[in-house]
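We use all heavy atoms of the structure for the numbers below, so side chains are in, but hydrogens, waters and symmetry mates are not.
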Amino acid sequence: MAIVGPQFCAPYPVDLGIVRKVMTITDGNFAVTDVNGNLLFKVKEPLFSLSDKRFLLDASDNPIMTLRENKVSLHDRWQVFRGKSTDQKDLVYTLKRSSMIQLMKPKLDVFLAQNKEMKICDFHVKGSWIDRSCVVYAGKSDAIVAQMHKKHTAQSILIGKSNFSVTVYPNVDYAFIVSLIVILDDINREDSED
């Protein structure tokens with residue numbers, strides 16, 4: 001199920017390590033690695049910007065996707081585009097909360113670009129961000145496509161990093177899943193500031 005591209009799909013489960021630096025003033029506060037510690041992706045957030053954009057980059061700093069939040073939406077609406085574009089022709093998917101009122105466990109609906117009516121979601125995300133136990137499902141079904149697990153070490157707590165892993169199921173686009181995790185993290189940070 002290639003959403004971003006077939007190069008991000010594998011015929012076996014892919015385990016990703018995600019490190020979020022809690023206190024950072026530099027861009028690139030996310031690092032995504034494979035099980036051997038090889039950098040696959042990083043996230044760049046402009047330090048001083050009026051737009052709410054994040055860039056998902058590959059290990060060579062090539063832009064894979066632009067994640068843009070719509071600040072005037074009541075449903076935490078995000079749009080994700082190919083490369084550094086924000087043009088509608090490059091739209092990959094739209095993500096929004098299932099409902100406006102959600103306590104502690106956000107439920108998010110994902111609509112791929114070709115799903116223009118957005119009546120039935122193509123994917124949905126449920127779980128507890130605080131516990132780092134979120135699950136991504138295909139459509140409105142119970143078919144799991146990815147799961148997030150918490151990984152705390154004494155070192156990660158001391159140096160201000162939040163570590164967790166994500167298992168992406170076979171033939172599921174792991175760049176797509178990483179982009180969902182980045183948005184979920186941002187929504188969680190906004191909820192905790194309210």
Side-chain angles (χ1 to χ4, degrees), residues 1-20 30-43 54-67 78-83 90-98 105-116 118-153 156 161-188:
M1 161 179 9
I3 294 168
V4 179
Q7 70 272 32
F8 302 116
C9 297
Y12 48 83
V14 175
D15 288 315
L16 302 172
I18 300 180
V19 177
R20 184 185 182 291
F30 268 97
V32 181
T33 62
D34 64 14
V35 292
N36 298 316
N38 299 313
L39 183 67
L40 298 176
F41 303 107
K42 50 190 164 183
V43 176
R54 316 277 180 279
F55 300 102
L56 181 65
L57 309 172
D58 67 12
S60 301
D61 284 337
N62 297 310
I64 305 296
M65 291 191 283
T66 299
L67 293 68
W78 286 75
Q79 289 186 308
V80 178
F81 302 87
R82 294 192 186 287
D90 295 315
L91 181 68
V92 177
Y93 69 89
T94 300
L95 175 144
K96 66 178 188 166
R97 283 187 194 254
S98 302
K105 294 185 179 185
K107 292 183 178 105
L108 308 172
D109 290 336
V110 180
F111 303 91
L112 297 178
Q114 63 270 23
N115 185 350
K116 303 230 184 277
M118 293 198 282
K119 290 186 178 170
I120 299 172
C121 65
D122 296 293
F123 297 89
H124 71 282
V125 183
K126 287 199 283 191
S128 167
W129 180 257
I130 292 168
D131 296 333
R132 300 291 197 264
S133 63
C134 295
V135 180
V136 181
Y137 300 91
K140 280 290 187 188
S141 74
D142 290 328
I144 297 172
V145 296
Q147 283 186 287
M148 183 169 62
H149 319 279
K150 191 182 226 177
K151 274 188 352 187
H152 271 309
T153 64
S156 70
K161 290 184 178 181
S162 175
N163 294 338
F164 50 97
S165 63
V166 176
T167 301
V168 182
Y169 284 45
N171 303 310
V172 174
D173 191 315
Y174 55 87
F176 165 68
I177 299 298
V178 168
S179 69
L180 292 177
I181 299 296
V182 171
I183 293 171
L184 191 56
D185 175 73
D186 196 272
I187 290 171
N188 178 67

> Has the side chain of D15 got a donor or acceptor atom that lies under 3.5 Å from a matching backbone atom of V35?
Replying inline: no
> Below 4.5 Å, heavy atoms only, C-beta onward: do V136 and V125 meet side chain to side chain?
Replying inline: yes
>> Taking salt bridge (Lys or Arg N to Asp or Glu O under 4.0 Å) as the definition, give me every residue that meets it alongside D61, ordered by chain and number, with sequence neighbours left out.
In response: K42
>> Within the 4.5 Å heavy-atom criterion, are V166 and M148 side-chain neighbours or not?
In response: yes
> What closest approach, in Å, do V4 and R82 show between heavy atoms, and which atom pair accounts for it?
Replying inline: O-NH1, 3.0 Å
> Mind checking whether P11 and N171 have side chains closer than 4.5 Å, heavy atoms only?
Replying inline: yes
> Heavy atoms, side chains only, cut-off 4.5 Å: are V92 and I3 in contact?
Replying inline: yes
> Taking all atoms of both residues into account, what is the closest heavy-atom pair of A2 and G5, and its distance?
Replying inline: CB-C, 3.8 Å
> Parallel, tilted or perpendicular: which describes the rings of F41 and F8, with under 30° parallel and over 60° perpendicular?
Replying inline: tilted
> Heavy atoms, side chains only, cut-off 4.5 Å: are Y93 and F123 in contact?
Replying inline: no
>> Do V145 and M1 make a side-chain contact, defined as non-hydrogen atoms from C-beta onward lying under 4.5 Å apart?
In response: yes
> With a 4.5 Å limit on heavy-atom distance, are the side chains of L56 and F30 in contact?
Replying inline: no
>> With a 3.5 Å distance limit and no angle check, can you tell me whether T94 reaches the backbone of Q79 through a side-chain donor-acceptor pair?
In response: no
> Step by step, would you call I183 with L67 a side chain to side chain contact (heavy atoms under 4.5 Å, CB included)?
Replying inline: CA-CA 8 Å; I183 293 171; L67 293 68; 3.6 Å; yes
> At what distance, to the nearest 0.5 angstrom, does CH2 of W78 lie from CG of L180?
Replying inline: 11.5 Å
> Closest heavy-atom contact between L39 and A31?
Replying inline: CD1-CB, 4.1 Å
>> For the CG atom of L57 and the CD1 atom of I64, what is their distance to the nearest 0.5 Å?
In response: 7.5 Å
>> Donor-acceptor check, side chain of N115 to backbone of I120, threshold 3.5 angstrom: yes or no?
In response: yes
>> List the residues meeting ring pair (Phe, Tyr, Trp, His ring centres under 6.0 Å) with Y169, not counting sequence neighbours, and say none if there are none.
In response: none
> Taking C-beta and beyond as the side chain, do V32 and Y174 meet within less than 4.5 Å on heavy atoms?
Replying inline: no
> Which is it for T33 and N38 under the side-chain hydrogen bond (donor to acceptor under 3.5 Å, both in side chains) test, yes or no, and what are the steps along the way?
Replying inline: CA-CA 5 Å; T33 62; N38 299 313; over 6 Å; no
>> Quick check for you: to the nearest 0.5 Å, what is the distance between K107 atom NZ and C134 atom SG?
In response: 12.0 Å
> Of all residues at least two apart in sequence or in a different chain, which pass the side-chain contact (heavy atoms from CB on, under 4.5 Å) check with C121?
Replying inline: D109, F111, H124, K140
